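Below: one structure, written as structure tokens.
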Amino acid sequence: GVQRPAIVSSVKVSSKTPVTIRCYSTRSTVIQLLNNIGSKREVEQYLKYFTSVSQQQFAVIKVGGAIITQQLPELASCLAFLYHVGLYPIVLHGTGPQINEILESEGIEPDYIDGIRITDERTMAVVRKCFLEQNLKLVTALEKMGVHARPITAGVFQADYLDKEKYQLVGNITGVNKAPIEASIQAGALPILTSLAETPSGQILNVNADVAAGEIARVFEPLKIVYLNEKGGIINGNTGEKVSVINLDEEYEDLLKQSWVKYGTKLKIKEIRDLLMHLPRSSSVAIIDVNDLQKELFTDSGAGTLIRR
Ligand code: X2W
């Protein structure tokens, strides 16, 4: 693969940083797993790098709702792996497909404007039910693998109406309460978040999960922002190949001029650039398949698409 080390030298990696392997019964499994994905040197280097910042600054991982339905065992074992090596990603999940399935079974056609769901009262009831169900499903799968996980389904996102006329019960995040997330990590539990938000007067609002994950990243400034998707990265529509790395400073202008960069891809790249411009240079975005999480995080060549400044 292409060499594209993701370690930024401006973050000092101390050789004295202790890497604690949490669970001794799984220690040998963890070491084995690590050796399978990369050389001992690079894996150890990344482990040290990820533990050189505070625990809450390792990563934000956004999980699309489709993954909970289609790849739950893989997802749970990837997150368990991180937990067992002592890393605490902040996990935020969506539930788009599950909402659509229920709406369609009730004879309601899902309705979006620019990728944002128009959420009336009846739809909102489905949205809330799906978020709670999928959150419980993920937390339960993690607990079964010996991972202490904490459902956080309220109390994080404050919001106003995005545009009440246009989208109805959809929120625009105005504030993030870090406390429940920090408390979870301090208690040794992986925080598992939904993207539901609340107005000052207590109205629950629907927020796109990608957007909410971005807001979490803005306040925690993690080293990695990970988007798990089915394609396993950004695909160059002309060659059909996965883009290994995008260095925004050098490539952004040229990239936007390329014929395959349009619609959703263009929007996604623009949003990611906007996010990274607000974050320290050490932060980078990875778009990957759930099975590639370890390879992406712990090897120089990675596995998905790495985007950085
Ligand atoms: C999204 C929230 C769920 C979501 C929705 O109702 O579908 C809005 O569009 P995925 O699985 O990550 O797509 N909210 C306002 O984003 O789920």
Side-chain angles (χ1 to χ4, degrees), residues 50 53-65 79 82 87-96 115-117 119 124 127-128 130-132 134-136 138-139 149-164 167 169-228 267-268 270-287 307 309:
F50 294 140
V53 291
S54 71
Q55 284 181 315
Q56 63 192 38
Q57 284 190 304
F58 158 53
V60 171
I61 301 182
K62 191 267 167 166
V63 177
L79 296 176
L82 295 175
L87 295 170
Y88 289 88
I90 301 171
V91 179
L92 187 147
H93 69 86
T95 183
I116 296 166
R117 187 188 303 281
T119 310
M124 192 62 194
V127 170
R128 290 179 73 172
C130 288
F131 264 123
L132 294 186
Q134 299 310 309
N135 189 276
L136 184 63
L138 179 50
V139 168
R150 181 176 290 189
I152 302 180
T153 57
V156 171
F157 298 108
Q158 293 110 47
D160 288 335
Y161 287 88
L162 181 60
D163 182 334
K164 205 170 176 178
Y167 303 109
L169 301 175
V170 170
N172 173 43
I173 294 172
T174 53
V176 176
N177 179 17
K178 294 165 86 173
I181 297 166
E182 288 171 337
S184 171
I185 293 174
Q186 229 136 57
L190 292 193
I192 313 295
L193 280 65
T194 71
S195 57
L196 288 173
E198 206 174 317
T199 68
S201 62
Q203 171 65 53
I204 307 290
L205 297 175
N206 186 11
V207 176
N208 174 279
D210 281 1
V211 172
E215 293 299 325
I216 291 288
R218 280 173 204 254
V219 296
F220 282 95
E221 303 192 329
L223 291 175
K224 307 295 300 191
I225 300 105
V226 177
Y227 290 94
L228 297 178
L267 192 69
K268 186 105 201 156
K270 279 185 167 169
E271 276 173 5
I272 288 171
R273 177 174 182 265
D274 186 53
L275 174 63
L276 287 178
M277 295 309 274
H278 286 87
L279 295 179
R281 284 203 160 264
S282 48
S283 297
S284 61
V285 168
I287 306 175
I307 305 175
R309 275 161 71 190

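Keep in mind that this is a model prediction, so the values were computed, not measured.
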[X] vs [Y] side-chain heavy atoms within contact, under 4.5 Å:
| X | Y | value |
| --- | --- | --- |
| Asn177 | Phe157 | no |
| Leu223 | Gln57 | no |
| Ile225 | Leu279 | yes |
| Leu162 | Leu205 | no |
| Phe58 | Leu82 | yes |
| Val156 | Ile216 | yes |
| Leu196 | Met124 | yes |
| Leu267 | Glu271 | yes |

Shortest non-hydrogen contact between [X] and [Y], atoms and distance:
| X | Y | answer |
| --- | --- | --- |
| Pro200 | Ala159 | CD-O, 3.8 Å |
| Gly214 | Leu275 | O-CD1, 3.6 Å |
| Ala217 | Pro222 | O-CD, 3.4 Å |
| Ala212 | Leu92 | CB-CD1, 3.9 Å |
| Ala197 | Val207 | CB-CG2, 3.9 Å |
| Pro180 | Gly155 | CG-O, 3.9 Å |

Is the number of heavy atoms from other residues, nucleotides or ligands under 6.0 Å of Lys178 NZ greater than 12? yes
Are a donor atom and an acceptor atom from the side chains of Lys224 and Ser283 found within less than 3.5 Å of each other? no
Using atom types as modelled and distance alone, determine if a side-chain donor or acceptor of [X] lies under 3.5 Å from a backbone N or O of [Y].
| X | Y | answer |
| --- | --- | --- |
| Asn135 | Pro151 | no |
| Thr174 | Gln158 | yes |
| Thr119 | Arg117 | yes |

Step-by-step side-chain contact (heavy atoms from CB on, under 4.5 Å) determination, Val63 to Tyr227: CA-CA 7 Å; Val63 177; Tyr227 290 94; over 6 Å; no
Among Ile204, Thr95, Asn206, find the one that has a side chain to side chain contact (heavy atoms under 4.5 Å, CB included) with Arg128. Ile204
Supply the atom-to-atom distance [X] [atom1] to [Y] [atom2], rounded to the nearest 0.5 angstrom.
| X | Y | atom1 | atom2 | answer |
| --- | --- | --- | --- | --- |
| Ile90 | Gln56 | CD1 | CD | 6.5 Å |
| Ile192 | Leu138 | CD1 | CG | 5.0 Å |
| Leu79 | Leu228 | CG | CG | 7.5 Å |
| Glu182 | Tyr88 | CD | OH | 14.5 Å |
| Asn208 | Glu215 | CG | CD | 11.0 Å |

Do Thr153 and Phe131 pass the side-chain contact (heavy atoms from CB on, under 4.5 Å) test, and can you show the C-alpha distance, the side-chain angles, and the key distance before you say yes or no? CA-CA 8 Å; Thr153 57; Phe131 264 123; over 6 Å; no
Do Leu136 and Leu132 pass the side-chain contact (heavy atoms from CB on, under 4.5 Å) test, and can you show the C-alpha distance, the side-chain angles, and the key distance before you say yes or no? CA-CA 6 Å; Leu136 184 63; Leu132 294 186; over 6 Å; no
How far apart are the C-alpha atoms of Leu193 and His93, what are their side-chain angles, what is the distance that settles it, and do they pass the side-chain contact (heavy atoms from CB on, under 4.5 Å) test? CA-CA 6 Å; Leu193 280 65; His93 69 86; over 6 Å; no
